[in-house]
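Take a look at the structure below.
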Amino acid sequence: MTFRARHLLGIEPLHPEEIRSILDLADTYADLNRRGAQAGKVLDGLTQINMFFEASTRTQASFELAGKRLGANVMNMGVQASSIKKGETLIDTALTLNAMRPDLLVVRHPHSGAANLLAEKVTCAVLNAGDGRHEHPTQALLDALTIRREKGRLHRLTVAICGDIAHSRVARSNILLLGKMENRIRLIAPPTLIPAGAADWGVEVHDDMAEGLKDADVVMMLRLQKERMDGAFIPSQREYYHRFGLDAEKLKAAKADAIVMHPGPMNRGVEIDGTLADDINRSVIQEQVEMGVAVRMAAMELLARNLRAAAGQEGTHV
Ligand code: NCD
């Protein structure tokens with residue numbers, strides 16, 4: 001079985017075999033990129049539009065680079081410059097762009113469900129680059145690839161996810177992916193930052209770092225998503241760092257070879273100590289960014305293959 005879907009909207013609908021297919025292809029791209037070798041132009045003749053309704057540095061750059069390495073024509077649509085500011089709805093914008101006949105539409109939007117809604121309205125393949133608190137599938141896939149390369153496997157690992165779980169699409173997609181691959185997942189956060197219903201997700205929930213990090217193989221830190229908070233969720237940043245900020249001392253509770261991850265952007269001194277984040281013996285944060293390009297190359301190649309196969313069946317040309 002390989003990856004058969006038309007869109008990449010989330011981790012939820014994916015079968016473990018589909019996840020493995022994406023990671024295996026991404027692995028070969030990661031090696032190719034590291035050697036500085038040329039990738040085959042498998043997206044030659046295809047148009048990719050990046051539509052970002054929320055600020056993004058690494059995700060947008062990574063999708064752009066991935067598309068260009070594979071030969072796509074890439075267009076970035078900045079929200080500042082778009083008609084959204086003039087009151088056009090998401091659907092109208094999407095239909096306008098769809099009329100320009102893109103093949104791949106990469107979308108980031110502050111509302112949960114925005115990518116799924118778009119996928120119903122357009123004829124091209126949609127890739128979700130993060131929708132509200134819902135999903136961020138390529139982030140979970142690049143995290144999975146980083147873990148698999150570092151640990152040699154992606155099952156039966158203890159993974160601690162710490163911080164603002166309640167507002168995090170990264171946490172949600174990672175919990176879904178790591179759960180499908182049969183890992184043990186621990187969430188560590190103050191009770192105000194644990195989403196309601198988390199106890200039913202098949203995860204352990206902790207509000208003490210020493211307990212939650214005990215014997216962990218992987219420690220994934222999350223940013224405090226202040227832009228999604230509409231009240232006071234923590235007493236103060238200082239207090240938060242004291243209890244939940246990761247530093248070398250707290251990391252001692254985890255396994256001696258535990259890796260430290262963060263999706264970025266980091267708040268140094270809020271959820272993670274800056275020195276630890278830069279410690280190349282423990283932190284794989286730069287490798288995560290590197291794997292991001294490889295995973296997005298793989299995801300877009302697989303979707304393009306499916307587009308071509310569907311067009312072939314309908315007798316049209318892509
Ligand atoms: C994350 C996001 O946007 O969801 N960042 C990212 O994609 N690298 C996490 C965050 O914003 O904290």
Side-chain angles (χ1 to χ4, degrees), residues 8-12 26 50-67 76 78-79 106-116 126-147 159-178 187-190 193-195 218-230 233-234 237 240-241 244-246 260-272 274 277 283-297 299-300:
L8 180 60
L9 301 174
I11 298 296
E12 193 157 30
N50 296 333
M51 199 160 82
F52 279 65
F53 295 93
E54 250 186 25
S56 167
T57 318
R58 72 214 78 220
T59 305
Q60 185 168 349
S62 179
F63 267 111
E64 183 174 354
L65 211 53
N76 288 307
V79 174
V106 180
V107 62
R108 167 169 286 194
H109 198 277
H111 293 156
S112 303
N116 292 63
V126 176
L127 290 104
N128 182 4
D131 63 327
R133 313 172 181 193
H134 178 226
E135 282 232 39
H136 191 351
T138 54
Q139 179 70 43
L141 288 161
L142 75 88
D143 289 339
L145 184 60
T146 308
I147 296 172
V159 182
I161 305 178
C162 322
D164 186 358
I165 320 266
H167 301 98
S168 176
R169 54 198 176 206
V170 175
R172 222 182 101 77
S173 290
N174 263 301
I175 292 165
L176 288 164
L177 191 155
L178 294 165
L187 306 184
I188 316 173
L193 293 178
I194 294 282
V218 177
V219 183
M220 202 179 275
M221 300 308 296
L222 298 173
R223 184 175 67 90
L224 278 182
Q225 309 232 329
K226 287 184 218 130
E227 73 276 22
R228 294 189 216 289
M229 295 184 186
D230 45 15
F233 284 80
I234 55 162
Q237 276 190 16
Y240 181 82
Y241 182 67
F244 297 99
L246 187 69
V260 174
M261 306 179 77
H262 193 303
M266 269 186 283
N267 292 309
R268 291 169 185 262
V270 178
E271 69 262 356
I272 191 164
S283 161
V284 295
I285 296 171
Q286 295 307 320
E287 191 180 343
Q288 287 174 268
V289 178
E290 186 187 353
M291 293 308 123
V293 178
V295 153
R296 288 164 182 133
M297 288 168 85
M300 290 196 288

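Just follow the structure's listing: the first ligand is 1, and inside any ligand the first atom is 1. Computed from a predicted model, the values in this text were never measured in an experiment.
When all heavy atoms of Y240 and L224 are compared, the pair lying nearest together is CZ-CD2, 3.7 Å. Here the closest non-hydrogen pair linking V107 and A115 is CG1-CB, 3.9 Å. The shortest heavy-atom contact between S173 and E135 is OG-OE1, 2.6 Å. Minimum heavy-atom separation, V270 to Y241: O-CD1, 3.4 Å.
At the shortest separation from atom 12 (O) of ligand 1 among protein heavy atoms lies R223 NE, 2.7 Å. Closest protein heavy atom to atom 4 (O) of ligand 1: R169 NE, 2.8 Å. Nearest protein heavy-atom contact of atom 10 (C) of ligand 1 is Q225 NE2, 3.2 Å.
Below 4.0 Å from some heavy atom of T59 lie the following atoms of ligand 1, by number and element: 6 (C), 7 (O), 8 (N). Which parts of ligand 1 touch Q139 is read off a 4.0 Å heavy-atom cut-off, strictly below it: atoms 6 (C), 7 (O), 8 (N). Annotation for ligand 1: atoms under 4.0 Å from non-hydrogen atoms of H136 are 2 (C), 4 (O), 6 (C), 7 (O). Per-residue contacts place V170 under 4.0 angstrom from the following atoms of ligand 1 (heavy atoms of the residue considered): 1 (C), 4 (O), 9 (C).
For ligand 1, the polar-atom distance check against E227 finds no nitrogen or oxygen pair separated by under 3.5 Å.
Residue contacts with ligand 1 leave out E54, since none of its heavy atoms falls under 4.0 Å from the ligand. Assignment of G130 to the shell around ligand 1 is not supported, since no heavy atom sits closer than 4.0 Å.
Nearest-heavy-atom check against atom 5 (N) of ligand 1 across G264, P263, G132 picks out G264.
Atoms CG and CD1, on N174 and I147 in that order, are 6.5 Å from each other to the nearest 0.5 Å.
R108 and H136 share a donor-acceptor pair across their side chains, judged by distance under 3.5 Å alone.
Considering only heavy atoms from C-beta on, D164 stays 4.5 Å or farther from K226 through its side chain. With contacts defined as side-chain heavy-atom distances shorter than 4.5 Å, the pair F52/V106 qualifies.
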